[in-house]
Novice: 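I am attaching a structure below and will ask some questions about it afterwards.
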Amino acid sequence: MFALIDCDSCFCSCERVFDPSLEGKPVVVLSNNDGCVVARSKEAKALGIKECMPFYQLAEKFPGVKIEARSSNYTLYGDISSRVMSIIRDSAPEVEVYSIDEAFCNLQGMDHMDLKKWGEELAAKIKKWVGMPVSIGIAPTKTLAKLAGRFAKNYPAYNKCCLIDSEDKRIKSLSISPVLDVWGIGHRFAKKLNYYGINTALELSKRSEGWVRKELTVVGLRTWKELNGISCISYDNMESKKSICTSRSFPGTVTDRDEILTHVANHAARCASKLRRQKSAASILTLFIATNHQRTDLPQYSKSINITLPAPSNSAHELILAVHKALDVIFIEGYKYKRAGVIVSGICSADAIQQNFFDISPELKERYRKISKVIDAVNRKNGDDTLILARQQYNTDTKTGKASKFKNAIKHEFRSPCYSTNLNDIIRVK
DNA sequence: TCTGGGGTCCTAGGACCC
DNA sequence: TCTGGGGTCCTAGGACCC
């Protein structure tokens, strides 16, 4: 059996942990640049606020309604999440952290227990110890556990935990679930299925294997098997990512090549730091730049390019060198750019890097490695971006001579304090 | 008139997830 | 004025190789 533990309105609940006045009110959390809604409390969902709704439209669509908005504060959410995950790890033998607000547990060897009771107690413990409300679904496959989790979330009678442990319960739950509610079926597939007269999960599960393979590819086929009780989405610890991406939209638009270079240099440095944190290195770097695709009235341009590095690397120096080369190839003067990003892939362990004869000298490599180590140590202690490479700075203040990294900085107008991780914020709150 | 079969790599895009 | 960011996996077409 698998259990899915899912935080209820995760980001909104995190905000409420430290600001109980938000309890019972419609709360939304916004994306970077306060662009659009990425999380909604139950009350906000009830109002009809849709996921990904642009923030500025809230006032137009809900005049006179008091909606509490917060800018996203990932430092806070990450810390609360790790507390929740650590309680889950103490309660189950095998835990797979699926996302910031979800974890799967493999309950193998716990068959003798009352799993419904186990789930209810775990949910109560997480609420009591961290203040985070969670819903738990338990079933023979992950896809069915996800479905059970939805029932636990939507019907208070389940007391935060829904168990699908018999054929009757499986059929019943599939028969009342629209296909769109199934994990792995998105809007496109749902529309297609509806076209063929398939509206419930049960109807999908009764189609032939060959038909599902043809219409929904091998991915859909896995979902179909899982709905039929055959577990085939295996345990994946996801500790080492296969690709790492850092990208941002610019608050306005950018036309200057050098300014874009500075942005992507920062993205590259961030990728390097993420690679070092998971003790790996990447051999391929992808750079992409794009104009604002929503502004159909403006000329559009979107381009990406792959650079194969001479040898896998996790040093900011080498990745920045690569984005510099990459940008020279794809940048075209004259467009209003809105977004740029760096993806690193071809990831291997940092201890097992295959040397390349044509790479930079081992002495230089060693210097870069030492510099990275110092950067990590300083930034761990003093906060991200305390120490950066020169290429990452936007300009130098002519009066003070100090480097500024915050030209065109991201907007976070309604950001809550980092209550649980930043000493100054903790003191201020007290 | 008549032109194979098998493979890799790259690019681009689509679909899904949170 | 104002529309996010980070992932995974799959497919299709083109270029190129033998």
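Every chain is numbered from 1 and lettered A, B, ... according to where its sequence line falls, protein lines coming before strand lines.
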Novice: Does A:Ser304 make a side-chain N or O approach to OP1 or OP2 of B:dT11 shorter than 4.0 Å?
Specialist: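 Answer no for this pair, as no side-chain N or O of A:Ser304 is under 4.0 Å from OP1 or OP2.
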
Novice: Could you tell me the separation between the CD atom of A:Gln278 and the C1' atom of C:dG7, rounded to a whole number of Å?
Specialist: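 Going from A:Gln278 (CD) to C:dG7 (C1'), I get 12 Å.
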
Novice: Under a 3.5 Å cut-off for both distances, is C:dC18 Watson-Crick or wobble paired, and to whom?
Specialist: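 Pairing partner, where one exists within any strand: B:dG5.
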
Novice: Below 4.0 angstrom from OP1 or OP2 of B:dA15, is there any side-chain N or O of A:Lys191?
Specialist: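 A:Lys191 to B:dA15 OP1/OP2: no side-chain N or O under 4.0 Å.
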
Novice: Taking OP1 and OP2 of B:dA15, is either one under 4.0 Å from a side-chain nitrogen or oxygen of A:Lys192?
Specialist: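 So the side-chain polar atoms of A:Lys192 never come under 4.0 Å of the phosphate oxygens OP1 or OP2 of B:dA15.
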
Novice: Report yes if at least one side-chain N or O of A:Arg222 is closer than 4.0 Å to OP1 or OP2 of C:dC9; otherwise report no.
Specialist: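 No, because none of the side-chain N or O atoms of A:Arg222 sits under 4.0 Å from OP1 or OP2 of C:dC9.
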
Novice: Given the C1' atoms of C:dG4 and B:dC17, what is the spacing between them in whole Å?
Specialist: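 Looking at atom C1' only, C:dG4 and B:dC17 are 15 Å apart.
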
Novice: What is the distance, rounded to the nearest whole Å, between atom OH of A:Tyr301 and atom P of B:dA12?
Specialist: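 That distance rounds to 9 Å.
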
Novice: Take the protein atom CD of A:Glu60 and the nucleotide atom P of C:dT3, then report the distance between them rounded to whole Å.
Specialist: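 Going from A:Glu60 (CD) to C:dT3 (P), I get 13 Å.
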
Novice: Nearest heavy atom decides the nucleotide; on that basis, is A:Lys338 or A:Arg213 closer to the 5' end of DNA chain C?
Specialist: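 Here A:Lys338 is the residue nearer the 5' end.
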
Novice: Report yes if at least one side-chain N or O of A:Ser247 is closer than 4.0 Å to OP1 or OP2 of C:dG6; otherwise report no.
Specialist: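 True: A:Ser247 side-chain N/O within range (under 4.0 Å) of C:dG6 OP1/OP2.
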
Novice: Rounded to whole Å, how long is the line connecting atom CG of A:Asn266 with atom C1' of C:dG5?
Specialist: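 Computing the A:Asn266:CG to C:dG5:C1' distance gives 16 Å.
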
Novice: Send over the distance from A:Tyr98 OH to C:dC9 P, rounded to a whole Å.
Specialist: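 A:Tyr98 atom OH is separated from C:dC9 atom P by 11 Å.
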
Novice: So does A:Glu102 pair up with A:Lys146, basic N to acidic O under 4.0 Å?
Specialist: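 Between A:Lys146 and A:Glu102 there is a salt bridge, with a charged N closer than 4.0 Å to a carboxylate O.
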
Novice: Salt bridge (charged side-chain N to carboxylate O under 4.0 Å, His left out) between A:Lys142 and A:Glu96: does it pass, once the steps are laid out?
Specialist: CA-CA 11 Å; A:Lys142 287 185 177 177; A:Glu96 174 191 341; 2.8 Å; yes

Novice: Report the distance from atom CD1 of A:Ile5 to atom C1' of B:dC18, rounded to the nearest whole Å.
Specialist: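 A:Ile5 atom CD1 is separated from B:dC18 atom C1' by 16 Å.
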
Novice: Starting from the 5' end of DNA chain C, give me the residue, A:Thr217 or A:Val38, whose nearest nucleotide shows up first.
Specialist: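 Result of the comparison: A:Val38.
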
Novice: Quick one: A:Asn306 CG to C:dA15 C1', roughly how many Å, whole number?
Specialist: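 In whole Å, C:dA15 C1' and A:Asn306 CG are 16 Å from each other.
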
Novice: Nearest-Å distance, CZ (A:Phe250) to P (C:dC2)?
Specialist: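 Distance, rounded to whole Å: 15 Å.
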
Novice: Quick one: is C:dG5 close enough that its OP1 or OP2 comes under 4.0 Å of any side-chain N or O from A:Ser249?
Specialist: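 Yes, A:Ser249 has a side-chain N/O under 4.0 Å of OP1/OP2 on C:dG5.
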
